[in-house]
2 protein chains.
Amino acid sequence: MTTAENLAQAVTPVVEDYLKTIYLMRRAHEQVKTVSLAARMKVKPSSVTAMVKALAEMGLVEHEPYYGVHLTANGERIALEVIRHHRLIELYLVEVLGFTWDEVHEEAEVLEHVISEKLEARIAAHLGHPAVDPHGDPIPKLDGTLPDTATRSLADVPERTSARLVRVCDQNAERLRYLAGLGVVPGAEVMVTAIAPFEGPVSVRVGKKIHALDRRLAQTILVED
Amino acid sequence: MTTAENLAQAVTPVVEDYLKTIYLMRRAHEQVKTVSLAARMKVKPSSVTAMVKALAEMGLVEHEPYYGVHLTANGERIALEVIRHHRLIELYLVEVLGFTWDEVHEEAEVLEHVISEKLEARIAAHLGHPAVDPHGDPIPKLDGTLPDTATRSLADVPERTSARLVRVCDQNAERLRYLAGLGVVPGAEVMVTAIAPFEGPVSVRVGKKIHALDRRLAQTILVED
DNA sequence: AGCAAAGTTTAGACCAGACTAAATTTTAAT
DNA sequence: ATTAAAATTTAGTCTGGTCTAAACTTTGCT
């Protein structure tokens, strides 16, 4: 505080969104560069340049041009808080208010920025301090830690092997409805019956039916290790 | 749509707040003039001038300088929607998540602008389509109507008469906690034991205890007709 | 090593919504 | 009828966040 950092800016919803996105991209082992961040945030690269500069001045990120952005401890704390809000809200909407898993992302996307810590606490308590949201995404703990979930995808399961689904890393509503229709949801027990060559589809048996899933889609579906 | 009104602006949270405030002030029979609206919105009068001009261009209000602002049909529709959100959220927080009535106003103040119509519907259904919020404030119906509640206040009840409390028109958290501590909440049955002269306090018996309430406070407490 | 493509930043504009300070208009009190 | 006080508006500035267009830097391919 000896330096002239008194000019601290506000952590607005937009700032929270940038931090959240940076966190999630790094977590997914993507490079967080101006262009890729712009694509994720649906803004132009020049807007990212300006915002990253502001975030750096707030002490929330560090930026190495042409290399990437990463969060400081403060930035990460905020990102995890927002992600915790998001995932708690998603689960609450499904468990308590009867939403389906394809409906909750958009709703949580705005609510995550405006709920108080008190409301967050009540929601968490009401849900019994859950570990994962309806998509199987882990919910950051209050202490700012985020446990890892499985990293093995359905496309990595050997043919003729069973696996229990734990997570679906996709927030497209139509695909989520499609998967739910097939019974492909966290918790389901499935058998991989075939994996076509040349990046072809992955066939799985759910109950008595067999469904062929596009390889890229199968890669977003994670199974228990 | 033949005129050049295609330049329609967005109904932002700030716009919603102005409309809501204008509605509530008129409903309370207050004049809605630049200065009084500025005081309510906690902005400077010049900001109100600018915003009222914008609202008028959007067709949401009409403004007669030195006389007052009033809502158009469209403006009123939006105002009532926001008030419906606000009051449903307040009740939900109390009934489902264990909030107290003094905690919910601030929370609802931001949530009211961001919940979807779907979430509003789920909340209303979950609560059984309630008529009033925790303060006894009526909840606007889906059809855009807002039933009146009682208009007689505790200060209008004759001495040595009983009355049932139906509404507390105060959103100050400390006063609400104070009143709750006395048992002065909607639904309570009280007896007015004395009304002091010269705008003096109103004494009420709640259960076995007698409490003296400031006249202005008593006037915010409405009783059944 | 040279050069095009890709990535990044700068410069300048815009919008919403607030502000201050100054001007203007209306009201109300003598 | 005058005039002081109150109310309102105008003019210009600021901030956060976006944009386009143009410039600049790095990377990577031949």
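The sequence lines fix the lettering, A, B, ..., with proteins before strands; numbering per chain opens at 1.
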Asker: If the condition is side-chain contact (heavy atoms from CB on, under 4.5 Å), which residues does B/T145 pass it with, not counting sequence neighbours?
Answerer: B/K141, B/D143

Asker: Give the rounded distance in Å between these two atoms: OH of A/Y67 and C1' of C/dT9.
Answerer: 20 Å

Asker: CG of B/L60 versus P of C/dA16: gap in Å, rounded?
Answerer: 14 Å

Asker: So, OP1 or OP2 of C/dG7: does either fall under 4.0 Å of a side-chain N or O from A/H63?
Answerer: no

Asker: Between C1' on C/dG17 and CG on B/L37, what's the gap in Å once rounded to a whole number?
Answerer: 14 Å

Asker: What is the separation between atom CD on A/E64 and atom P on D/dT25, rounded to the nearest whole Å?
Answerer: 17 Å

Asker: So do the side chains of A/Y23 and A/L146 get within less than 4.5 Å of each other, counting heavy atoms only?
Answerer: yes

Asker: Please report the distance, rounded to the nearest Å, between CE in A/M58 and P in D/dT15.
Answerer: 14 Å

Asker: Find the distance B/Q31:CD to D/dA7:C1' and express it as a whole number of Å.
Answerer: 12 Å

Asker: Charged N to carboxylate O below 4.0 Å: is that the case for B/R27 and B/D148?
Answerer: yes

Asker: Side chain of B/T49: nearest nucleotide among C/dG7, C/dG17, D/dT10?
Answerer: D/dT10

Asker: How are the rings of A/H135 and A/W101 set to each other: parallel, tilted or perpendicular (split at 30° and 60°)?
Answerer: parallel

Asker: For A/K53, answer base if it contacts any base atom (sugar-phosphate contacts may also be present), sugar-phosphate if it contacts only those atoms, and nothing otherwise; contact means non-hydrogen atoms under 4.0 Å.
Answerer: nothing

Asker: Calculate the interatomic distance between A/L55 atom CG and D/dG16 atom P; express it in whole Å.
Answerer: 12 Å

Asker: Does atom CD of A/E30 have more than 12 heavy-atom neighbours from other groups under 6.0 Å away?
Answerer: yes

Asker: Should A/E112 and A/K20 count as an ion pair when the cut-off is N to O under 4.0 Å?
Answerer: yes

Asker: Protein within reach of the bases, or only the backbone? For nucleotides 18-30 of chain C, mark each nucleotide 5' to 3' as B, S or -, using heavy atoms under 4.0 Å.
Answerer: SBBB---BS----

